[in-house]
Amino acid sequence: MATEWTFEKAMARLEQIVAALESGRCPLDDSMKLFEEGTRLTAYCAKQLQEAEQKIVKLSAPSETDGTAVSEAEG
């Protein structure tokens, strides 16, 4: 993706795409381009959520030595 996306920017763009597609005012070619962009953004967001979940699990897991959570700097 040419744009530097954040999760929040990608979600905002997805909301715009959904609104445009739901309006029914886009020609078929434009609708297909929007759908393709939405598919890429959905994959990006899913990846970001998966990475965040993995980080939370890692940070929440008790350490093997004393039962406390492992900090990211240690992990």
| Taking only residues two or more places apart in sequence or in another chain, which ones pass side chain to side chain donor-acceptor pair (under 3.5 Å) with Q48? | none
| request: Count the heavy atoms belonging to other residues, nucleotides or ligands that lie under 6.0 Å from CD of Q54, then report whether that count exceeds 12. | output: yes
| note | Heavy atoms of A10 and L41 approach each other most closely as CB-CD2, 4.0 Å
| query | Between L34 and C26, what is the shortest heavy-atom contact and its length? | reply | CD1-SG, 3.8 Å
| field | Spacing of Q50 atom CD and E53 atom CD [to the nearest 0.5 Å] | value | 7.5 Å
| field | Shared-cluster residues of L28, by chain and number - hydrophobic side chains joined below 4.5 Å | value | M32
| Under 4.5 Å between side-chain heavy atoms, hopping through other hydrophobics if needed: is there a path connecting M11 to L49? | yes
| For the atom pair OG (S60) and NZ (K55), what is the distance rounded to the nearest 0.5 Å? | 12.5 Å
| Check: W5 main-chain N/O paired with Y44 side-chain donor or acceptor under 3.5 Å | yes
| field | Criterion side chain to side chain contact (heavy atoms under 4.5 Å, CB included) against E37, the qualifying member of L14, T42, I17 | value | I17
